[in-house]
Participant: 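This is the structure I have questions about; it appears just below.
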There are 2 protein chains.
Amino acid sequence: MPRPPRYDQSVLLDAAVELAAAAGPAAVTMAAVAKQTGTPNGSMYHRFPQRAVLLAELWLRTVGHFQEGYLAVLDSDPEPRRAALAVARHVVAWSRAHPREAAVLLHGPDAFDRADWPEEYAVRADRGNRRVLAAVSGLAEQLGATAPADAERVALALIDIPLALVRRHLRGVGRLPAHAEDLAERCAADLLATGR
Amino acid sequence: MPRPPRYDQSVLLDAAVELAAAAGPAAVTMAAVAKQTGTPNGSMYHRFPQRAVLLAELWLRTVGHFQEGYLAVLDSDPEPRRAALAVARHVVAWSRAHPREAAVLLHGPDAFDRADWPEEYAVRADRGNRRVLAAVSGLAEQLGATAPADAERVALALIDIPLALVRRHLRGVGRLPAHAEDLAERCAADLLATGR
DNA sequence: ATTGAATTGGAGCCTACTCTCTATAACATG
DNA sequence: CATGTTATAGAGAGTAGGCTCCAATTCAAT
């Protein structure tokens, strides 16, 4: 019986991503998203009761897209070493394919006012992170890493270093060079080398 | 003949750093810095004609401190390989010793509204960056790196990866584990290994 | 056709912030 | 001591953005 929505949430989030990528999280104002999509001010507050919810949804959708592919690649190869190298490459490749979403990720949740999110959203964000962390730890174990410092090394190789590579280039010229995937894979291979 | 200043610029910048580290660059408002230091609103605008100048000075002072130490360590050892490893360690050690300033650095200049800075400040920031980049490139050359991709690898090892390590921990619990320096050095050593 | 919940559209309130303006205080020099 | 120069001090104008409110509109279900 209700009237169907006219301004789709996903359209609003698309605009929000674009604004965040182009001018930073602070540029994601209710007014800016409304203007960009032609939505009236009041309608924005039907989809998102507060700005913090808009930012939270924006973050969760983006990081969800990323993690989905990340976990898929991790699980795609039963051989742990190959899976690790593939996932390091994947982070770079995904960022190349989705530069705007990657720019959002590089800002991190705090830049999207994580402190103001309703608890539900913070919980969902944590759950996603733990899922990835657990998958990486599992891989580290298969690779023979036992100490917590080893798990950290693997996380550095499979998450932080590929993202550092992406950051270096997206913050600069804005294009990832063709060999970035190779570099990420090589760093990962070095760090995963056993017997160290 | 002039009346001596009562509110020192460095004191205001100290407060600004603290605010930025604790609650992000957006928390560095003229009002917040004034309140924290007991300065009246109007006096702020004697030191910093606009907020953008406050943010620019904050950034330049912080990054200057960092780069000063960085270059000193780079030059402290004539043997390029040892200098490289020392500098990778240094990034982590400096961040441990100056957690608030490190937090500022991790936000990057754009978060401090670099686009709004008067040109003079942007030029100074560029000059500093180029100086470090040149030093790193010089080291890369001494290490036998020739292709631009090699220089990038060295920059990744001596700047981005140590910073990624710092970011991982400062964004989390807020304390750097004791072995972080070792990890940074090891990553650097792996990446600098010749004949690859 | 009627009903009523959901949605839209927009005027405008409120807060927080940047920045201006004016008056006054302190100090060096002639 | 008079004077010029610079700093302090505070009030408040102007503005941007988050958010509220409410009347008008739409449309599925009855």
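Each chain gets a letter, A, B and so on, in the order the sequences are listed, and its residues count up from 1.
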Participant: List the atom pairs, with distances to 0.1 Å, where a side-chain N or O of residues 14-24 of chain B and a protein N or O form a donor-acceptor pair under 3.5 Å, not counting sequence neighbours.
Facilitator:
{"from": "Asp14(B)", "atom 1": "OD1", "to": "Arg61(B)", "atom 2": "NH1", "distance (Å)": "3.2"}
{"from": "Asp14(B)", "atom 1": "OD1", "to": "Arg61(B)", "atom 2": "NH2", "distance (Å)": "2.7"}

Participant: Counting C-beta onward and ignoring hydrogens, is there a side-chain heavy-atom pair between Tyr70(A) and Asp75(A) closer than 4.5 Å?
Facilitator: no
Participant: Check the distance between dC22(D)'s P and Tyr45(A)'s OH and give it to me in whole angstrom.
Facilitator: 17 Å
Participant: Please determine whether residues Leu158(A) and Leu133(A) belong to a single hydrophobic cluster, defined as Ile, Leu, Val, Met, Phe, Trp and Tyr linked transitively by side-chain heavy-atom distances below 4.5 Å.
Facilitator: yes
Participant: Rounded to the nearest 0.5 Å, what separation is found between the CD atom of Gln67(B) and the CG atom of Leu74(B)?
Facilitator: 11.5 Å
Participant: Whole angstroms only, please: what is the CD-C1' distance between Gln50(B) and dT18(C)?
Facilitator: 10 Å
Participant: Among residues 9-16 of chain B, which ones have heavy-atom contacts with DNA chain C below 4.0 Å?
Facilitator: none
Participant: Counting side-chain heavy atoms from C-beta on, which of dT18(C), dT7(C), dG18(D) comes nearest to His46(A)?
Facilitator: dT7(C)
Participant: With Arg82(A), which residues qualify under side chain to side chain contact (heavy atoms under 4.5 Å, CB included), at least two apart?
Facilitator: Asp77(A), Glu79(A)
Participant: Can you give me the N/O atom pairs linking the protein to nucleotides 10-16 of chain C at distances under 3.5 Å, or say none if there are none?
Facilitator:
{"from": "dG10(C)", "atom 1": "N7", "to": "Gly42(A)", "atom 2": "N", "distance (Å)": "3.4"}

Participant: Output side-chain donor-acceptor pairs under 3.5 Å for residues 88-110 of chain A, partner residues at least two apart or in another chain, one line each.
Facilitator:
{"from": "Arg89(A)", "atom 1": "NH1", "to": "Asp182(A)", "atom 2": "OD1", "distance (Å)": "3.1"}
{"from": "Arg89(A)", "atom 1": "NH1", "to": "Glu185(A)", "atom 2": "OE1", "distance (Å)": "2.5"}
{"from": "Arg89(A)", "atom 1": "NH2", "to": "Asp182(A)", "atom 2": "OD1", "distance (Å)": "3.2"}
{"from": "Trp94(A)", "atom 1": "NE1", "to": "His98(A)", "atom 2": "ND1", "distance (Å)": "3.4"}
{"from": "Ser95(A)", "atom 1": "OG", "to": "Val91(A)", "atom 2": "O", "distance (Å)": "2.8"}
{"from": "Arg96(A)", "atom 1": "NE", "to": "Glu181(A)", "atom 2": "OE2", "distance (Å)": "3.3"}
{"from": "Arg96(A)", "atom 1": "NH1", "to": "Leu176(A)", "atom 2": "O", "distance (Å)": "2.8"}
{"from": "Arg96(A)", "atom 1": "NH2", "to": "Pro177(A)", "atom 2": "O", "distance (Å)": "3.1"}
{"from": "Arg96(A)", "atom 1": "NH2", "to": "Glu181(A)", "atom 2": "OE1", "distance (Å)": "2.6"}
{"from": "Arg96(A)", "atom 1": "NH2", "to": "Glu181(A)", "atom 2": "OE2", "distance (Å)": "3.2"}
{"from": "His98(A)", "atom 1": "ND1", "to": "Trp94(A)", "atom 2": "O", "distance (Å)": "3.1"}
{"from": "Glu101(A)", "atom 1": "OE2", "to": "His65(A)", "atom 2": "ND1", "distance (Å)": "2.9"}
{"from": "His107(A)", "atom 1": "ND1", "to": "Ala103(A)", "atom 2": "O", "distance (Å)": "3.0"}

Participant: Write down the distance between CG (Asp8(A)) and C1' (dT8(C)), rounded to a whole number of angstrom.
Facilitator: 15 Å
Participant: Over how many whole Å does the gap from Leu55(B) atom CG to dC17(C) atom C1' extend?
Facilitator: 13 Å
Participant: Would you kindly say whether Gln9(B) and His46(B) are connected by a side-chain donor-acceptor distance under 3.5 Å?
Facilitator: no
Participant: Output the rounded distance in Å from CG (Leu54(A)) to P (dG17(D)).
Facilitator: 14 Å
Participant: Rounded to the nearest Å, what distance is computed from the CG atom of residue Asp116(B) to the C1' atom of nucleotide dC19(C)?
Facilitator: 15 Å
Participant: Side-chain donor-acceptor contacts of residues 49-58 of chain A below 3.5 Å, not counting sequence neighbours, with atom names and distances?
Facilitator:
{"from": "Arg51(A)", "atom 1": "NH1", "to": "Val28(A)", "atom 2": "O", "distance (Å)": "2.5"}
{"from": "Arg51(A)", "atom 1": "NH2", "to": "Asp113(A)", "atom 2": "OD2", "distance (Å)": "3.2"}
{"from": "Glu57(A)", "atom 1": "OE2", "to": "Tyr121(A)", "atom 2": "OH", "distance (Å)": "3.2"}

Participant: Using every non-hydrogen atom in the two residues, find where Leu192(B) and Ala84(B) come nearest and quote the distance to one decimal.
Facilitator: CD1-CB, 3.5 Å
Participant: Using atom CZ of Arg47(B) as one end and atom P of dA9(D) as the other, report the distance to the nearest whole Å.
Facilitator: 11 Å
Participant: Specify the separation, in whole Å, of atom CG of Asp113(B) and atom P of dC17(C).
Facilitator: 14 Å
